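To keep things clear, I will list the structure first and then write my remarks on it.
All of these numbers come straight from a predicted model, not from anything done at the bench. Each ligand, and each atom within it, is numbered from 1 in the order the structure gives.
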Amino acid sequence: MERIAVFTSGGDAPGMNACIRAVVRTAIKLDMTVLGVRKGYTGLCNDDIIPMNSRSVSNTIQHGGTILETSRCAEFHTKEGRARAIAVMKKYGIEGLVAIGGDGTFRGAQALMKECDVPVIGCPGTIDNDLFGTDATIGYDTAVNTALEAIDRIRDTATAMERLFIIEVMGRHVGFIALQVAIAGGAEWVLLPETASDIEAFYDRLEQGFRAGKRTNIVVVAEGDETGGAGKVAESLEKLYGIQSRVTVLGHIQRGGSPSARDRVLASKLGAAAVLALRDGKSGLSAGEIGGEVVFTPFDEVVSKRKPLNSFELELTDRLS
Ligand code: F6P
């Protein structure tokens, strides 16, 4: 394999630049030519391709976002859109692709692979950590630390004014970020899409805490929780029990910022592993890290299997708050 392309797709995640850098530099050392596709599948459909060399990725490992930019590409869901992408790949003589992104990115890669014979290896990049086949996705660790820093700050004002805060963190379908920051931030309650949220039980706990002298409470809600998010939880507490609270939605602040050391290392490992896998003739696999070792999992499994939350961690918030 002499000519490969790399792109980032879907929601950006801190560490994507470190992954691009690893892909580019690993490939160059294997005497491959590397092209960068800008804006994910949108760039592949619209011929937005740039040459990359070692210098194109200098000074990028410490930056959030993605130097190749990204998008959620509706066009790629159509056969016509994919046909254009395939024509663009032919034009540039692309013999292999590294796709950095989440489940939508890997579904796109699966569709593409059914219609052309260019091998694709994925690197799991999303703050949500909702991909099977890796202990953590690229960006997750940074997002957890960013959210935690914000929660610590909120705890200061909550304590100063003896308030209840309801804080919403990202996690469209899963509660990985929410559970980690709830434990690390000493939250009193955590609401997760994976578990049923019992508002009555929380009210009892608030009452008990109040009797025991607790005046400040932090509730962490994953955006995908069935209650509908932090605003809805605050409304219910007010309506049902007359309890006042303050709501903070952390939102996209969790997606930006300099990647943590852990994310930089993970991204560097998986980017390099992806290129080595292409060189070895592999395809249709996502590179991941389990127990410190690089592993490869078929896209089919990565997008269809659900990675469970840790059951011991699930009980910790109740146990420790
Ligand atoms: O990338 C994952 C994620 O950050 C989710 O946590 C969130 O629900 C979603 O992306 C937001 O997407 P967008 O930036 O397109 O609004």
Side-chain angles (χ1 to χ4, degrees), residues 7-20 38-43 63-77 99-109 122-151 166-182 190-195 197 220-233 247-260 263 266-267 270 286 288 299 302-303 306-307 309:
F7 64 90
T8 49
S9 161
D12 50 278
M16 280 184 163
N17 285 326
C19 193
I20 296 168
R38 296 182 67 249
K39 301 184 200 312
Y41 289 115
T42 306
H63 294 300
T66 153
I67 55 166
L68 288 175
E69 299 185 27
T70 184
S71 67
R72 301 196 193 277
C73 178
E75 200 181 351
F76 204 73
H77 291 290
I100 307 167
D103 59 339
T105 306
F106 295 168
R107 285 203 175 89
C123 291
T126 164
I127 64 163
D128 283 3
N129 196 29
D130 58 347
L131 294 174
F132 187 82
T134 188
D135 289 338
T137 53
I138 297 163
Y140 169 56
D141 183 65
T142 307
V144 166
N145 283 295
T146 303
L148 181 62
E149 190 187 327
I151 290 170
I166 321 274
I167 303 167
E168 184 175 305
V169 297
M170 275 189 168
R172 211 172 354 182
H173 307 295
V174 295
F176 284 98
I177 296 176
L179 184 57
Q180 294 302 294
V181 297
V190 59
L191 289 83
L192 309 162
E194 290 87 345
T195 57
S197 306
V220 175
V221 186
E223 66 171 328
D225 183 69
E226 79 278 4
T227 46
K232 290 275 188 299
V233 175
V247 170
T248 304
V249 177
L250 295 183
H252 287 77
I253 195 171
Q254 296 157 95
R255 286 242 296 259
S258 180
S260 64
D263 271 328
L266 176 68
L270 300 188
S286 170
F299 286 145
V302 173
V303 300
R306 201 173 167 97
K307 185 162 67 179
L309 294 173

Given side chains that start at C-beta, do those of Phe176 and Leu309 come closer than 4.5 Å, heavy atoms only?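 The answer is yes; the side chains approach within 4.5 Å.
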Going by the rule side-chain hydrogen bond (donor to acceptor under 3.5 Å, both in side chains), which residues pair with [X] if we only count those two or more places apart in sequence or in a different chain?
X	value
Asp12	Arg255
Glu194	none
Asn17	none

Verdict with supporting geometry, Val220 and Leu191, side-chain contact (heavy atoms from CB on, under 4.5 Å): CA-CA 6 Å; Val220 175; Leu191 289 83; over 6 Å; no
Between ligand 1 and the protein, which N/O pairs are shorter than 3.5 Å?
residue	atom	partner	partner atom	Å
ligand 1	4 (O)	Arg255	NH1	2.9
ligand 1	6 (O)	Asp128	OD1	2.7
ligand 1	6 (O)	Asp128	OD2	3.2
ligand 1	6 (O)	Gly171	N	3.4
ligand 1	6 (O)	Glu223	OE2	3.1
ligand 1	8 (O)	Glu223	OE1	3.4
ligand 1	8 (O)	Glu223	OE2	2.4
ligand 1	10 (O)	Arg72	NH2	3.1
ligand 1	10 (O)	Arg255	NH1	3.1
ligand 1	12 (O)	Arg72	NH2	2.9
ligand 1	14 (O)	His252	NE2	2.8
ligand 1	14 (O)	Arg255	NH1	3.0
ligand 1	14 (O)	Arg255	NH2	3.0
ligand 1	15 (O)	Arg72	NE	2.8
ligand 1	15 (O)	Arg72	NH2	3.3

Taking atom CG of Asp263 and atom OG1 of Thr142, what is their separation to the nearest 0.5 Å?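 Answer rounded to 0.5 Å: 3.5 Å.
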